[in-house]
Student: 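First the structure, which I've put down as structure tokens, then a few questions once you've had a look.
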Amino acid sequence: MFVPLALSAQAEVETIRLANDTLAVELTPDIGGRLLSAHLVNKPNFLKVGDAVVTDPNPDVSPAANNIGYLGHEVWVGPQSQWWQQQLVNDERRAAKAVWPPDPYLILAKNKTQEKNAQQVILQSPNSPVSGVAIKKTYSLVDGNSNQLKLDVEATNIRDSKVAWDIWFNSRVPHTTQVYVPVATMNDVRVEHFSDATYDGLTHHFSDGIFALENANSANKQGRKGKVFIQPLQGWMAAFRNDQLLIIQFTLQPKSAIHPEQGQIELYQEFLHSEPDAGLLELEVHAPYKVLAPGASMSATESWTLLPYTGANTPAAQVEFLQQLKTAGKL
């Protein structure tokens with residue numbers, strides 16, 4: 001039987017499993033309270049998880065801590081330009097207007113398991129002195145749909161003054177994953193190519209209302225790197241790999257509700273031809289940007305549907321499969 005996550009006996013992170021006859025997921029209240037695995041039964045993990053889950057399971061959590069590549073699915077706040085501007089605990093990062101790392105108290109700190117049963121797990125982050133929020137995450141299997149997982153997130157202002165953020169879902173998968181987003185026109189897509197001596201820009205395709213990020217190797221550089229900011233036409237994106245289709249659904253927002261530095265959907269891709277297993281694709285969704293009064297909360301939801309896919313590994317076949325789901329009212 002397929003082992004969903006390569007966590008050896010030396011791993012110290014606590015893992016919690018939610019499963020039915022169709023779908024299995026694993027999450028941890030440790031290392032930021034993140035989702036580590038999601039897959040159809042007897043299929044590989046759809047997510048990409050870093051070795052640090054095993055090698056560095058007890059991170060330092062402080063205003064000076066740096067990011068650790070645990071990957072999987074985690075929750076940030078946005079916009080990125082404000083990450084270190086609404087805090088007084090790291091003067092150097094505030095002065096530098098740092099855009100990295102994310103808030104250590106949200107991505108590294110142990111979460112409290114508030115509830116755990118066969119259907120759902122509720123995790124609560126500590127209060128963050130960096131972002132000024134605490135985040136509650138609820139992971140639930142869905143009654144009546146054995147292929148679906150629901151992710152509910154609530155962010156609460158823990159300060160006695162206002163904070164302003166959005167809720168930012170970030171799911172990491174291998175860079176070879178084929179991803180599709182419904183888009184009205186390319187005017188709703190902004191592509192930033194992070195080109196330098198090592199990396200070429202991204203390659204992509206748009207046809208019949210579907211934007212597709214491509215995985216073509218560069219003939220001139222050692223790899224590709226860049227980010228795509230999208231105002232989608234509908235509230236979903238779809239990703240294919242390992243005979244599985246992951247559909248991420250969310251509430252479609254008007255462009256005016258999303259912080260202008262971000263997109264409701266964002267795709268970040270980075271890979272080197274010489275290290276294909278290290279390549280990364282991030283499937284990101286932003287909720288509306290809001291100002292929270294002291295004690296106020298905001299919430300956002302993603303619904304994940306995992307389906308089997310045995311068709312050809314080509315854009316034409318995959319888009320046709322998505323069209324069939326849409327015609328059948330399943331998308």
Side-chain angles (χ1 to χ4, degrees), residues 4-5 7 11-19 23-39 45-63 65-78 83 101-141 149-158 163 165-173 248 250 282-287 297-304:
L5 186 65
L7 290 180
E12 296 180 25
V13 297
E14 176 189 353
T15 57
I16 302 172
R17 180 178 171 88
L18 290 173
L23 180 67
V25 301
E26 284 188 342
L27 53 101
T28 178
D30 300 328
I31 56 175
R34 72 186 62 221
L35 191 63
L36 296 173
S37 178
H39 60 94
N45 185 6
F46 202 96
L47 300 177
K48 181 180 178 66
V49 178
D51 293 340
V53 173
V54 172
T55 61
D56 196 0
N58 297 297
D60 170 61
V61 181
S62 73
N66 287 309
N67 183 65
I68 298 174
Y70 298 120
L71 306 179
H73 170 86
E74 64 185 1
V75 177
W76 294 347
V77 292
W83 275 354
D103 183 342
Y105 294 88
L106 300 183
I107 66 164
L108 301 180
K110 183 178 178 65
N111 282 214
K112 179 181 179 181
T113 303
Q114 289 191 330
E115 183 176 327
K116 178 173 62 175
N117 58 49
Q119 282 293 113
Q120 72 173 17
V121 176
I122 301 177
L123 304 179
Q124 178 66 54
S125 82
N127 293 346
S128 170
V130 175
S131 300
V133 298
I135 290 183
K136 181 171 74 173
K137 287 163 277 191
T138 303
Y139 302 89
S140 307
L141 298 177
L149 175 72
K150 189 178 179 185
L151 292 72
D152 294 299
V153 175
E154 182 180 70
T156 301
N157 180 3
I158 52 88
V163 297
W165 296 113
D166 68 29
I167 292 172
W168 185 345
F169 297 90
N170 192 344
S171 307
R172 282 58 166 264
V173 296
I248 298 177
F250 49 88
E282 295 183 335
L283 311 175
E284 307 171 35
V285 175
H286 285 262
S297 299
M298 60 182 174
S299 60
T301 297
E302 280 191 345
S303 291
W304 290 15

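The figures that follow rest on heavy atoms only: side chains count, while hydrogens, waters and symmetry mates do not.
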Student: Could you report the tightest heavy-atom contact between Leu23 and His39, atom names first, then the distance?
Tutor: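 For Leu23 and His39, the tightest heavy-atom pair comes out as CD1-O, 3.5 Å.
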Student: With distance as the sole test, does Tyr105 use its side chain to make a donor-acceptor pair with the main-chain N or O of Gly132 at under 3.5 Å?
Tutor: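 No; judged by distance alone, with no hydrogens or angles, the pair does not exist.
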Student: Is it true that atom CG of Asp51 has more than 12 heavy atoms of other residues, nucleotides or ligands lying nearer than 6.0 Å?
Tutor: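 For Asp51, atom CG is not crowded (no more than 12 foreign heavy atoms under 6.0 Å).
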Student: Taking atom CD of Glu12 and atom CG of Asp56, what is their separation to the nearest 0.5 Å?
Tutor: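 One finds 10.0 Å between CD of Glu12 and CG of Asp56.
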Student: Quick check: does any side chain N or O of Asn45 sit under 3.5 Å from a backbone N or O of Ala38, one acting as donor and the other as acceptor?
Tutor: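 Yes, because the side chain of Asn45 sits within donor-acceptor range (under 3.5 Å) of the backbone of Ala38.
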Student: Check the angle between the aromatic planes of Trp83 and Trp168 and answer parallel, tilted or perpendicular using the 30° and 60° thresholds.
Tutor: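 Tilted.
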Student: Between Asp60 and Ala65, what is the shortest heavy-atom contact and its length?
Tutor: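 Heavy-atom minimum between the residues: O-CB, 3.5 Å.
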Student: I'd like to know if the side chain of Asp103 reaches the main chain of Ser131, judged simply by a donor and an acceptor atom lying under 3.5 Å from each other, with no hydrogens or angles considered.
Tutor: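 Yes.
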Student: Would you say the side chain of Leu123 lies within less than 4.5 Å of the side chain of Tyr139, judging by non-hydrogen atoms?
Tutor: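 Of all side-chain heavy-atom pairs linking Leu123 with Tyr139, at least one is under 4.5 Å.
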Student: side-chain contact (heavy atoms from CB on, under 4.5 Å) between Arg172 and Glu74: does it pass, once the steps are laid out?
Tutor: CA-CA 9 Å; Arg172 282 58 166 264; Glu74 64 185 1; 2.8 Å; yes
Student: Side-chain contact, heavy-atom cut-off 4.5 Å: Ile68 with Ile31?
Tutor: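 They are not in side-chain contact.
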Student: Less than 4.5 Å apart, any side-chain heavy atom of Leu149 and any of Leu35?
Tutor: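 SC-SC contact between Leu149 and Leu35 confirmed.
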Student: Report yes or no: does Arg17 contribute a side-chain atom to a donor-acceptor pair with the main-chain N or O of Ala24 at less than 3.5 Å?
Tutor: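 Such a contact is absent between Arg17 side chain and Ala24 backbone.
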Student: Nearest heavy-atom pair of Ala300 and Ala287: which atoms, and what distance?
Tutor: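 Looking at all heavy atoms of both residues, the shortest contact is CB-CB, 3.6 Å.
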Student: Would you confirm whether Asp152, through its side chain, and Ser299, through its main-chain N or O, come within 3.5 Å as a donor-acceptor pair?
Tutor: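 Pair absent, no side-chain N/O of Asp152 close to backbone of Ser299.
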Student: Nearest 0.5 Å please: distance from the CG atom of Leu151 over to the CD atom of Glu302.
Tutor: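 Those atoms lie 6.0 Å apart.
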Student: So which heavy atom on Glu14 is nearest to which on Thr28, and how close?
Tutor: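 Minimum heavy-atom contact is O-OG1, 2.5 Å.
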Student: Can you check whether Ala109's main-chain N or O pairs, donor with acceptor, with Asn111's side chain at less than 3.5 Å?
Tutor: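 Looks like yes, one N/O pair under 3.5 Å.
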Student: NZ of Lys136 to CD1 of Ile122: how many Å apart, nearest 0.5 Å?
Tutor: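 Spacing of NZ (Lys136) from CD1 (Ile122) equals 6.0 Å.
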Student: With a 4.5 Å limit on heavy-atom distance, are the side chains of Trp76 and Leu106 in contact?
Tutor: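 Side-chain contact under 4.5 Å: no.
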Student: Where do Leu47 and Trp304 come nearest, in terms of heavy atoms and distance?
Tutor: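 Reported closest heavy-atom pair: CD2-CH2, 4.0 Å.
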Student: Going by the rule side chain to side chain donor-acceptor pair (under 3.5 Å), which residues pair with Ser125 if we only count those two or more places apart in sequence or in a different chain?
Tutor: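 Side chain to side chain donor-acceptor pair (under 3.5 Å) list for Ser125, sorted by chain: empty.
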Student: For the backbone of Ile16 and the side chain of Lys116, can you confirm whether one donor and one acceptor N or O come within less than 3.5 Å of each other?
Tutor: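 No, the answer is negative, given that no donor and acceptor are paired below the 3.5 Å cut-off.
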Student: With rounding to the nearest 0.5 angstrom, report the CD to CG distance, Glu282 to Asn170.
Tutor: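 With rounding to 0.5 Å, CD (Glu282) is 4.0 Å from CG (Asn170).
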Student: I need the minimum non-hydrogen distance between Val133 and Ile158, along with the two atoms involved.
Tutor: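 That would be N-CG1, 3.8 Å.
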Student: Would you check if Ile167 and Trp165 make a side-chain contact, meaning some heavy-atom pair closer than 4.5 Å?
Tutor: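 They are not in side-chain contact.
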Student: In Å and rounded to the nearest 0.5 Å, what is the NZ to CG distance from Lys110 to Asn58?
Tutor: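 The distance works out to 9.5 Å.
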Student: Using 0.5 Å steps for rounding, measure from the CG atom of Leu36 to the NE2 atom of His73.
Tutor: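 So the gap between those two atoms works out to 11.0 Å.
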Student: Does any non-hydrogen side-chain atom of Lys137 lie less than 4.5 Å from one of Leu27?
Tutor: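 Counting from C-beta outward, Leu27 and Lys137 never come under 4.5 Å.
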